2 protein chains.
Amino acid sequence: MHDMMATRASPDTASELQAAGAAHASANPSASPSANPSFSPLYRQIKGLITRSLQQGDWKPGELIPSEADLARRFGVSQGTVRKAVDELAAEGLLLRRQGRGTFVSTHHEERVKFRFLRLVPDATAEGGRPLPQPMDRQFLECRRVRASQEVARMLGIKTGESVTQIRRLLLLAGEPVVYEDIYLPGPAFRALTAERLESYRGPLYALFESEFATRMVRAEEKLRAVNADAQEAQLLRVREGEALLLVERLSFSYGELPAEYRRGLYNTRHHHYRNELN
Amino acid sequence: MHDMMATRASPDTASELQAAGAAHASANPSASPSANPSFSPLYRQIKGLITRSLQQGDWKPGELIPSEADLARRFGVSQGTVRKAVDELAAEGLLLRRQGRGTFVSTHHEERVKFRFLRLVPDATAEGGRPLPQPMDRQFLECRRVRASQEVARMLGIKTGESVTQIRRLLLLAGEPVVYEDIYLPGPAFRALTAERLESYRGPLYALFESEFATRMVRAEEKLRAVNADAQEAQLLRVREGEALLLVERLSFSYGELPAEYRRGLYNTRHHHYRNELN
DNA sequence: TAGTGGTCTAGACCACCGT
DNA sequence: CGGTGGTCTAGACCACTAA
């Protein structure tokens with residue numbers, strides 16, 4: 001394999017890569033030899049281009065993206081450089097590498113990473129045993145359009161009073177109600193969402209959002225607190241009023257650090273716990 | 001045994017690296033050409049060797065380890081292979097790379113990563129603002145040798161009734177008691193630990209353990225629950241009895257996945273919250 | 001200026017997957 | 001079998017730090 005004409009051409013997409021410290025950056029003895037203020041290595045620029053393609057939906061969740069060799073040709077860089085860009089994206093969970101098959105866009109549909117964001121596990125879980133083998137059931141109490149409260153607006157980065165979709169639901173594990181949460185989705189994207197659709201859908205909410213509302217949750221930040229159950233919460237979760245509950249506020253982000261969901265959940269931690277790893 | 005070193009010399013440590021799929025491994029026509037059951041790439045073996053050196057204390061926390069080129073020579077591999085090993089160790093927090101200076105063994109003494117394991121932050125913390133700029137104070141209530149209860153023994157992987165060191169303390173943020181925790185340390189290593197030493201030490205507990213007890217905490221697992229304060233807990237944390245508190249059980253590991261500390265903490269989350277990131 | 005980690009390239013071969 | 005990601009090497013040059 002040789003191929004590849006002597007030089008560049010980069011007949012495809014954006015060949016706007018700034019030659020920044022690239023060894024092969026050709027004869028460029030002029031261009032300031034040092035003191036680069038906003039220096040970004042090539043592989044990060046490549047990473048940016050790939051991210052943009054993901055944002056734009058050029059490659060959709062679950063799909064196969066072009067091979068490393070292919071991408072290297074398109075971008076006019078070496079395979080090693082593409083590899084480093086893809087490595088980082090895979091580490092961030094945006095892409096999924098599978099030896100012998102190719103690189104795929106991550107999706108909430110895969111069996112392996114289902115409930116990736118739900119850290120609640122039954123107490124009986126053994127040391128290594130990760131997920132919950134319990135039967136999970138849902139119960140949707142609300143699904144409606146409401147005006148964003150000051151707090152919801154602030155979290156989602158929109159104006160107070162703007163229309164948002166609110167979902168209120170109950171999660172049952174092994175028949176017992178364990179999670180009660182309010183979910184807020186910004187903008188008109190989720191206008192078509194109905195309680196019926198929620199009821200009929202099998203699988204995680206994020207998988208539904210991905211498939212039918214073109215919104216993929218990429219990462220999230222959570223704030224945890226302990227609170228005492230009020231009368232309504234106690235009734236829904238079948239605990240005594242005043243019983244301690246774990247309050248979990250979650251802000252989820254889509255591609256490009258775009259806030260795409262705000263969630264306020266109450267967990268009954270009598271037989272379950274929130275599991276976390278510190279590094 | 002076989003080969004190795006047509007060149008090199010590798011005068012130093014273990015040159016027992018099994019030529020596994022190495023392109024240059026050559027001269028090894030015997031060894032099953034494929035179908036390798038427990039296949040481990042070279043860089044992982046290197047990683048193991050470096051980890052072993054860390055465990056053995058060849059390089060201590062805060063110290064500079066040999067340069068990549070140096071390590072490559074010692075191990076008889078290319079710099080790229082060493083680099084990949086070090087990359088992973090740095091990603092896991094065992095090593096810290098600093099361009100232009102070298103690679104250092106991570107330590108709990110650095111200003112940058114102090115309180116790496118304490119995820120409690122004041123509610124007022126802005127979006128990006130990470131750590132707590134609050135004045136922190138401690139109050140040590142106990143420091144004694146006790147026999148491990150069944151639970152403590154199970155967590156620490158020792159026998160029930162074995163001697164462990166117990167520390168009971170209160171953490172005060174901005175003058176208010178916010179954390180009340182019991183800490184259990186296994187084995188005879190911490191026999192010399194006294195309440196006086198704890199009182200006089202400035203800096204994180206883990207920094208003390210590292211400096212004076214040759215125990216570095218590398219990673220930890222936490223289980224979170226919401227519980228109602230009992231009378232004693234309420235008094236110490238200055239809340240009403242029955243008030244919801246965040247119960248945080250932490251199992252910390254030293255090098256080699258060795259359980260080295262079990263901790264049971266109660267957090268008052270009225271003005272603070274536990275912060276977490278999901279990827 | 002010397003030394004370190006950081007980036008980039010080019011090419012080889014291995015492990016794994018589907019056909 | 002051909003194609004994909006995974007590993008390994010060798011060498012070049014860049015960015016940063018400290019002496």
Side-chain angles (χ1 to χ4, degrees), chain A residues 1-4 6-8 17-29 31-47 64-73 75-90 95-104, chain B residues 6-8 17-26 28 31-47 64-73 75-90 95-104:
Chain A
M1 322 243 159
H2 348 330
D3 75 70
M4 261 271 142
T7 16
R8 281 344 21 104
L17 304 176
Q18 55 166 342
H24 79 309
S26 72
N28 200 339
S32 61
S34 67
N36 199 330
S38 65
F39 163 72
S40 177
L42 238 194
Y43 77 89
R44 278 201 191 284
Q45 300 176 47
I46 302 296
K47 186 182 170 188
L64 185 65
I65 76 169
S67 73
E68 293 180 354
D70 199 343
L71 290 172
R73 275 189 296 275
F75 296 137
V77 301
S78 84
Q79 182 170 340
T81 299
V82 167
R83 169 157 270 271
K84 186 146 189 184
V86 172
D87 274 345
E88 286 200 356
L89 290 168
L95 296 177
L96 180 62
R97 321 192 70 143
R98 296 214 249 172
Q99 184 172 94
R101 299 190 53 189
T103 301
F104 299 78
Chain B
T7 39
R8 261 359 51 52
L17 304 177
Q18 58 165 339
H24 80 308
S26 64
N28 198 339
S32 59
S34 67
N36 199 330
S38 64
F39 162 73
S40 178
L42 238 193
Y43 77 89
R44 274 198 194 286
Q45 301 177 48
I46 302 298
K47 186 182 169 187
L64 185 65
I65 76 171
S67 74
E68 292 181 354
D70 200 343
L71 290 172
R73 274 189 298 275
F75 295 137
V77 300
S78 83
Q79 181 171 341
T81 299
V82 167
R83 170 156 270 270
K84 186 147 189 183
V86 172
D87 275 344
E88 287 200 357
L89 290 168
L95 296 177
L96 180 63
R97 320 192 71 144
R98 296 214 247 171
Q99 184 172 95
R101 299 191 54 188
T103 302
F104 298 78

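Within every chain, numbering begins at 1; the chains are lettered A, B, ... in the order of the sequence lines, protein sequences first and strands thereafter. The structure displayed is predicted, hence computed values, not measured ones.
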- Query: Could you walk me through whether Val82(B) and Val77(B) pass the side chain to side chain contact (heavy atoms under 4.5 Å, CB included) check?
  - Reply: CA-CA 7 Å; Val82(B) 167; Val77(B) 300; 3.7 Å; yes
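- For the residue pair Gln45(B) and Ser40(B), the shortest heavy atom distance occurs at NE2-O, 3.0 Å.
- Distances shown here put every side-chain N or O of Thr81(B) at or beyond 4.0 Å from the OP1 or OP2 atom of dT7(D).
- Atom CD1 of Ile65(A) and atom C1' of dG3(D) are 15 Å apart (whole Å).
- With distances taken from any side-chain atom of Gln99(B) to the nucleotides dC8(C), dG6(D), dG5(C), the minimum falls on dG5(C).
- For the OP1/OP2 pair of dA10(D) and a distance below 4.0 Å, the side-chain nitrogens and oxygens of Ser78(B) include no atom meeting the criterion.
- In this structure, the side chains of Thr103(A) and Leu64(A) stay at 4.5 Å or more apart for every pair of heavy atoms.
- Among the candidates Leu96(A), Leu89(A), Asp70(A), Leu71(A), the single residue satisfying the side-chain contact (heavy atoms from CB on, under 4.5 Å) test with Ile65(A) is Leu71(A).
- When the side-chain nitrogen and oxygen atoms of Ser67(B) are compared with OP1 and OP2 of dT4(C), one or more of them lie within a distance under 4.0 Å.
- The interatomic distance linking Arg44(A) (CZ) with dT7(C) (P) rounds to 7 Å, in whole Å.
- Note: CD (Gln79(A)) to P (dG5(D)) measures 7 Å, nearest angstrom.
- Phosphate contact (OP1/OP2 of dT7(C), side-chain N/O of Lys84(A), threshold under 4.0 Å): present.
- Distance, Arg98(B) CZ to dC16(D) P: 15 Å, rounded to whole Å.
- Using a 4.0 Å cut-off, some side-chain N or O of Arg101(B) falls inside it from OP1 or OP2 of dA18(D).
- Atom CG of Leu42(B) is separated from atom C1' of dA15(C) by 15 Å (rounded to the nearest Å).
- A sub-4.0 Å separation between OP1 or OP2 of dG6(D) and a side-chain N or O of Arg83(A) is present.
- At whole-Å resolution of the value, CZ in Phe75(B) and P in dT7(D) are 18 Å apart.
- Comparing dT7(C), dA15(D), dA15(C) by their closest approach to the side chain of Tyr43(A) singles out dT7(C).
- Using a 4.5 Å heavy-atom cutoff, the side chains of Tyr43(A) and Glu88(A) are in contact.
- Rounded to whole angstrom, the span from the CG atom of Asp70(A) across to the P atom of dG5(D) amounts to 9 Å.
- For the pair Leu71(A) CG and dT4(D) P, the interatomic distance rounds to 11 Å; values are reported in whole Å.
- The nearest heavy atom of DNA chain D to Asp87(A) and to Gly80(B) marks one nucleotide each, and the one closer to the 5' end goes with Asp87(A).
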